[in-house]
Amino acid sequence: MPELPEVQTIINGLNSKIIEKKICRIAEYRKGTVENSLPNMDYGKVKLVERRGKYIIIKTTADCKIVIHLRMTGKLIFEVDSDKQSKYCRAEIFFSDGSRLIFDDVRTFGKIQIMKKNQAVPAIEELGAEPLSDQLNPEFLSKQLKNRKAPIRNLLLNQNIIAGLGNIYVLEILYRCKIDPRKQADRLSLKQIEKIVGQTKIVLKEAIEKNGTTISDYRSVEDQSGQFQNFLRVYQKKKCKCGTEIKRIKMAGRSTYFCPSCQQ
DNA sequence: ATTGCTTCCTGAGCGC
DNA sequence: TGCGCTCAGGAAGCAA
């Protein structure tokens, strides 16, 4: 479900709600949701919540970190009211003051991993550039796309190249760059690559300012939806600004929207 | 090494 | 109202 801006919004919320709270227990309600949790484990107090790509990393004062990936439909909801239940609650992190973090996930693809502080998560180690850092620049992206025959839209979805983009933002970025999502990556000009880098940063920053997109599943930790959907120009749209019908095709099994007249 | 297809799972929305 | 179909913002695992 969530892409970088949604994950960042959740992290901002967590950093304002759970810092210094002592974790007393992590409960798993669906097998496979929580990995490596041990009974009577000391989780310590929450020190900081960080993001890497679409991963949420909760660092604590104990020798552990809690690594969360929401996948398609995962939500983290901070709840003070002990009576409130969520419908698809798969796990809960309880704090000593009675508040808790609910991990709600309809499709059950999401995961919570308990790791040692210095233990590497292989999938995180392999992630590509953070799009909002200087790591993502035209030289880097040119190098990554060199000799790659796959369509640009598929490679922008590859987390090991740029970490944090998903289907919606990739399509918005390509639309704003006027680049056909089917375009073979190694046939892009340097100018087009520069455009992609620039628009990626602009679109993500704008979306974070709007607290993320909401199509259906995304909610902030306070159960609020985002506003960026009002700014989408191509995803699930019928018509382009130019008057042309937006085309929807399948690429790598997933819906791809683009304007056949603006995007070349 | 690179690419793309299938799979995990549940629910919403649509046409008939 | 209900059935069956397609779709869903992710990414691991597999085969070619």
Side-chain angles (χ1 to χ4, degrees), chain A residues 1-10 29-33 35 51-56 67-76 86-91 103-113 121-128 131 143-175 181-187 200 203-204 206-208 210-220 225-238 248-258:
Chain A
M1 167 210 57
E3 306 181 35
L4 188 150
E6 293 74 46
V7 174
Q8 188 61 54
T9 301
I10 288 166
Y29 305 119
R30 188 184 195 279
K31 209 167 152 51
T33 305
E35 283 176 21
R51 182 185 60 70
R52 176 73 174 103
K54 298 173 196 169
Y55 287 84
I56 296 164
V67 179
I68 303 173
H69 199 303
L70 301 170
R71 293 290 187 101
M72 299 281 265
T73 53
K75 299 178 187 69
L76 284 175
S86 81
K87 201 168 173 191
Y88 303 103
C89 183
R90 308 303 184 193
F103 182 72
D104 179 288
D105 186 11
V106 177
R107 288 170 73 182
T108 73
F109 297 159
K111 289 271 177 297
I112 297 178
Q113 293 172 280
V121 181
I124 294 183
E125 296 299 304
E126 287 167 21
L127 289 176
K143 213 170 163 187
Q144 292 292 318
L145 300 183
K146 205 179 167 194
N147 298 328
R148 301 292 297 256
K149 309 293 179 200
I152 182 60
R153 118 77 205 252
N154 293 3
L155 294 183
L156 290 179
L157 274 179
N158 183 337
Q159 301 300 301
N160 300 335
I161 298 176
I162 300 177
L165 300 180
N167 203 28
I168 291 185
Y169 291 103
V170 165
L171 297 178
E172 286 302 311
I173 290 162
L174 289 173
Y175 176 79
R182 299 167 295 184
K183 181 114 176 167
Q184 193 175 301
D186 66 356
R187 297 181 62 181
T200 296
V203 168
L204 292 179
E206 196 184 328
I208 291 170
K210 304 278 190 295
N211 291 326
T213 305
T214 301
I215 297 304
S216 57
D217 287 312
Y218 164 70
R219 292 291 183 278
S220 71
S225 60
Q227 279 91 51
F228 191 73
Q229 78 275 20
N230 302 324
F231 299 85
L232 296 178
R233 296 176 193 171
V234 72
Y235 183 79
Q236 291 186 342
K237 297 292 176 196
K238 292 262 179 282
R248 178 180 145 188
I249 59 169
K250 285 270 180 203
M251 285 176 71
R254 311 183 53 195
S255 285
T256 303
Y257 297 83
F258 67 102

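Because the structure is predicted, anything quoted here is derived from the model rather than measured. In what follows, chains are A, B, ... by sequence order, proteins preceding strands, each numbered from 1.
When the C1' atom of C:dA11 is taken as reference, atom CG of A:Leu156 falls 16 Å away, rounded to whole Å. One interatomic measurement links the two molecules: CG of A:Leu70 to P of C:dA11, which rounds to 10 Å at whole-angstrom precision. Straight-line distance from the OH atom of A:Tyr55 to the P atom of C:dA11: 7 Å, rounded to whole Å. Here C:dG10 presents its C1' atom at 15 Å from NZ of A:Lys75, a figure rounded to the nearest Å. Atoms CZ (A:Arg107) and P (C:dG9) sit 8 Å apart, rounded to a whole Å. Residue A:Met251 contributes atom CE, which lies 15 Å from atom P of C:dG10 at whole-angstrom precision. One interatomic measurement links the two molecules: CG of A:Leu157 to P of C:dA8, which rounds to 13 Å at whole-angstrom precision. Rounded to an integer number of Å, the gap from A:Arg153 CZ to C:dG10 C1' is 12 Å.
In this structure A:Asp186 satisfies the side-chain hydrogen bond (donor to acceptor under 3.5 Å, both in side chains) test together with A:Lys149, A:Gln184, sequence neighbours excluded. Judged as a side-chain hydrogen bond (donor to acceptor under 3.5 Å, both in side chains), and not counting sequence neighbours, the contacts of A:Arg248 are A:Ser255. Among residues two or more places apart in sequence or in another chain, the side-chain hydrogen bond (donor to acceptor under 3.5 Å, both in side chains) test is passed with A:Asn167 by A:Arg153. Partners of A:Arg182 under the side-chain hydrogen bond (donor to acceptor under 3.5 Å, both in side chains) rule, at least two apart in sequence or in another chain, are A:Asp180.
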Just do the side-chain contact (heavy atoms from CB on, under 4.5 Å) check on A:Asn158 and A:Arg148 with the steps written out, would you? CA-CA 12 Å; A:Asn158 183 337; A:Arg148 301 292 297 256; 4.2 Å; yes
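Stem regions for DNA chain B, each three or more consecutive Watson-Crick or G-U pairs with both distances under 3.5 Å and listed by first number, read B:2-8 with C:10-16, B:10-16 with C:2-8.
Using a 4.0 Å heavy-atom distance criterion, A:Pro151 is classed as a sugar-phosphate-only contact. Within 4.0 Å of A:Lys250, counting heavy atoms only, lie sugar-phosphate atoms of the nucleic acid but no base atom. A:Leu171 comes within 4.0 angstrom of nothing in the nucleic acid, heavy atoms only. Nucleic acid contact class of A:Asn154 (heavy atoms, under 4.0 Å, all strands): sugar-phosphate only.
Between B:dC9 and C:dC3, the two P atoms lie 23 Å apart (nearest whole Å). When the P atom is used for both C:dT6 and B:dT6, the distance is 14 Å, rounded to whole Å. Separating the C1' atom of C:dA11 from that of B:dA12 is a span of 23 Å, rounded to the nearest Å.
One finds a side-chain N or O of A:His69 lying less than 4.0 angstrom from the OP1 or OP2 phosphate oxygen of C:dA11. Of the side-chain N and O atoms in A:Lys54, none sit less than 4.0 angstrom from OP1 or OP2 of C:dG9.
Both A:Ala252 and A:Lys146 sit near DNA chain B, but only A:Lys146 has its closest nucleotide nearer the 5' end.
Here A:Tyr169 does not count as stacked on C:dG9, because the ring centres are not under 5.5 angstrom apart with planes under 30°.
Counting only distance, with no hydrogens or angles, the side chain of A:Gln159 and the backbone of A:Leu165 share a donor-acceptor pair below 3.5 Å. No donor-acceptor pair closer than 3.5 Å links the side chain of A:Glu35 to the backbone N or O of A:Thr33. Not a single donor-acceptor pair under 3.5 Å links the side chain of A:Glu3 to the backbone N or O of A:Lys54. A donor-acceptor pair under 3.5 Å links the side-chain atoms of A:Arg90 to the main chain of A:Asp105, judged by distance alone.
Evaluation of atom-type donor-acceptor distances gives no pair under 3.5 Å for the side chain of A:Arg254 against the base of C:dA8.
The nucleotide range of DNA chain B contacted by chain A, defined by atoms under 4.0 angstrom from heavy atoms of the protein and reported 5' to 3', is B:dT2 to B:dG11.
Distance CG/A:Leu157 to OH/A:Tyr169: 13.5 Å, rounded to 0.5 Å.
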